[in-house]
Structures are given as C-alpha cells and as structure tokens.
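Chain letters run A, B, ... following the sequence lines, proteins first and then strands; every chain starts at 1. This is a predicted model, so every value here is computed, not measured.
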Number of protein chains: 2
Amino acid sequence: MLNTITLTRKERDCIVLIGERGTSDFPLRLIEVANRMNVKPPTALNLIKRLVAKGMLKRERGMLRLTDKGKAECSRIIESHRVIETMMARYGLSADEACKLSCNLDFVMDEESVNRIFTELGKPKVCPHGKKIEVVQ
Amino acid sequence: MLNTITLTRKERDCIVLIGERGTSDFPLRLIEVANRMNVKPPTALNLIKRLVAKGMLKRERGMLRLTDKGKAECSRIIESHRVIETMMARYGLSADEACKLSCNLDFVMDEESVNRIFTELGKPKVCPHGKKIEVVQ
DNA sequence: GAATAAAATTAGTATGATGCTAACAATATG
DNA sequence: CATATTGTTAGCATCATACTAATTTTATTC
C-alpha cells in the first residue's frame, strides 16, 4: 500500500530541503529554496504555495517552516530514505547510486513497509555515505 | 547513474505490457492495450505513438510489436524489476508491495547497478509471488 | 459484395506539474 | 531616503496524462 499523502517529486525535494537545512535559527527563505533547487523564484514560489496548501509548510515573515504535519512527513521520508539506501548499499550499490534511487521511493513508501525493512536492517541513523541526504540532483 | 533512455512511467507500463503478453502469435492491438491499461483508445494511441517515436515499438497491420531496442529495454526492465522485488521481499516486504515499489525503480535503474545486486542475490527468474509482473495498478 | 460491427484515428479540450520571463511590489540595507 | 534584495503576479510554455465526439478504416457477417 502506498502512502496516502501524495507528494510530487519536487514537493518531496522541497520538504526535505527545508526540513534538513532549515533549522529553527536559520529557516530558509524563498530565494534560498530557489537557489538550492536550481529554479527561478517564481517556480519555487509555486512549489511553496502548493506545500502550504497541503498543510506541510507555513510562512512567517518570509521564513519557511514545516508545520507539524510537514515535519512528520519529512521525518518519514528521511527515515524511509535511509532504510532504502542502506538496503541497497548492502547489496553492493554505491552510496550515491543508492541515494539517487532511494529518492524515487522514499516519499511513496508507506510506514509499515519501511518498518518491516527496519527490523531486518536495524535502524540506520545516517546515510551509507555519511553525508546528508542530497535532495537536489 | 540513471539509465540514459528516458521513459515515463506509462511508457514503461506499456512496454512491459506488450513485452509480457504480446507473444509473436498474439501480438497486442491498440484496443487491448487500452483495455488492459484502463484508458481510452486515444490515450493508448498517444502512448503508442510516443513509443514508436522512441524506436521501442513498431506497428504492422494493427499489431504492436517491440522493436529489438524495445525488447532489449523490456528485458532490462523486467530483469531489474525482479531483482529489486526479490531484494525487497528478502527484507520482509510482501510480494505485492515489493512489486508496486519496484515499478518505480525498474525503468530508471542502470544495468550496472542491477548487475551488482544480481551478484548478491543470484539471478531470480520469477517474481517473489510467482506471478507475472503486474504492470497496471 | 454490401451492411454492419469493431477498431483506429483525428480533433479538440482539460488538468497538473514543472518551468520560464518580465514587470511590479515589498522589504531590507546602506 | 536611495538602492538593493526579495517576493509576487501575470502570462506563457512544455510535457504527460486523459477525456469526448466524430470520423475513418478495417473486419466480419449476411
């Protein structure tokens, strides 16, 4: 069963970007999202508006912050991402390849499936390459 | 590295459908592709035209056949599909869940990565559920 | 072979995701 | 305050997906 919350790939990338790099001290702004995603501000704005409409994101004086729902979704994605990545790495894929492929699955996989793989793998805390998840390819 | 031939998800489904069920005795026709993909004939036609343009498919008196290129691509996808599925099933996913998730990866994964997982798994000949690959969800 | 049925095709339209430029507005910063 | 930065709007474009309605083509059947 796939996850009920439907995100597009770019929405997924945006949530992970904001969730990963936007600490409470330094929340991201539109211009930074645009730059990091290699798109122009109007494109980023469009994406951001969709995430706001989906209840994932809130904007306060230009600052972009995930809502609780957005944080939960982001955590789920990152957890799924690491699980999938780790599984693939154990089967001989390079960390980068595993990461890229994982981005195609992490946001569509349901929690139950992730948990089942978790029990087999042990919960990995970091990516196989030890770096942060690269959201923008 | 992702595969250089870029297919959309529906193109992937269509190639696999034709490759799997279209034997040389009974090649599929447009109407059957439409029915099996649960779309109307014009939608199927559009898809088919794109695959013809990409050199994956040829049409002979209404019969749809994969070209050599299409056959190679289809084989690659199916092989990748089974490898990914088997890997996931070994980590506790149900056959159906593994199949669904695998459909998101099988057509974007490059041969080298597939082969690396192959060496770890042993080349599986069938899906974990022993059924044909379900292309249309 | 003509009539009918089935299949294929065209034309037109729609939606959603992604992306852009150009212009303008709002907000900071010096 | 002037300038620079940032955000926003409007308008447009492309691609994938999908539809209906109408027409044409191809098969089948009488």
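Between dG7(D), dT9(C), dT18(C), one nucleotide has an atom nearer to the side chain of R59(B) than all others, and that is dT9(C). For K40(A), taking side-chain heavy atoms from C-beta onward, the closest of the listed nucleotides dA17(C), dA8(C), dT21(C) is dT21(C). For R50(B), whose side chain is taken as the heavy atoms from C-beta onward, the closest listed nucleotide among dG19(C), dA16(D), dG7(D) is dA16(D). Among dG19(C), dT8(D), dT9(C), the nucleotide with an atom closest to any side-chain atom of T43(A) is dG19(C). The side chain of N46(B) sits closest to dT17(D) out of dT17(D), dT18(C), dT10(C). Counting only heavy atoms from C-beta on, V39(B) has its side chain closest to dA18(D) among dG7(D), dT9(C), dA18(D).
Looking at E112(A) and R116(A), a side-chain N of the basic residue comes within less than 4.0 Å of a carboxylate O on the acidic one, giving a salt bridge. Ion pairing between a basic and an acidic side chain is recognised when a charged N comes within 4.0 Å of a carboxylate O; D13(A) and R9(A) show such pairing. Salt bridge R90(B)/E120(A): absent, no basic N to carboxylate O contact under 4.0 Å. The pair E73(A)-R76(A) meets the salt-bridge criterion, since a charged nitrogen lies less than 4.0 angstrom from a carboxylate oxygen. Taking 4.0 Å as the cut-off between side-chain N and carboxylate O, R50(B) and E11(B) count as a salt-bridged pair.
To the nearest angstrom, P of dA25(C) lies 18 Å from CG of L30(A). Taking atom CG on L47(B) and atom P on dC15(D), their separation rounds to 16 Å, with Å as the unit. Rounded to whole Å, atom P of dA4(D) lies 16 Å from atom CD1 of I31(A). Rounded to whole angstrom, the span from the NZ atom of K10(B) across to the C1' atom of dA18(D) amounts to 10 Å. The nearest whole Å value for the distance from the CZ atom in R12(B) to the C1' atom in dT17(D) is 17 Å. The NZ-P distance, from K54(B) to dA16(D), rounds to 6 Å in whole Å. Atoms CD1 (I48(A)) and C1' (dT18(C)) sit 14 Å apart, rounded to a whole Å. The separation between N38(B) atom CG and dA18(D) atom P is 10 Å, rounded to whole Å.
Among the protein residues, L45(A) comes within range of the nucleic acid bases, having at least one heavy atom under 4.0 Å from a base atom.
Sequence order on DNA chain C of the closest nucleotides to T8(A) and P42(A) puts T8(A) first from the 5' end. Nearest-nucleotide mapping onto DNA chain C: of R61(A) and P41(A), the residue sitting toward the 5' end is P41(A).
For dT6(D), the OP1/OP2 oxygens have no side-chain nitrogen or oxygen of R29(A) closer than 4.0 Å.
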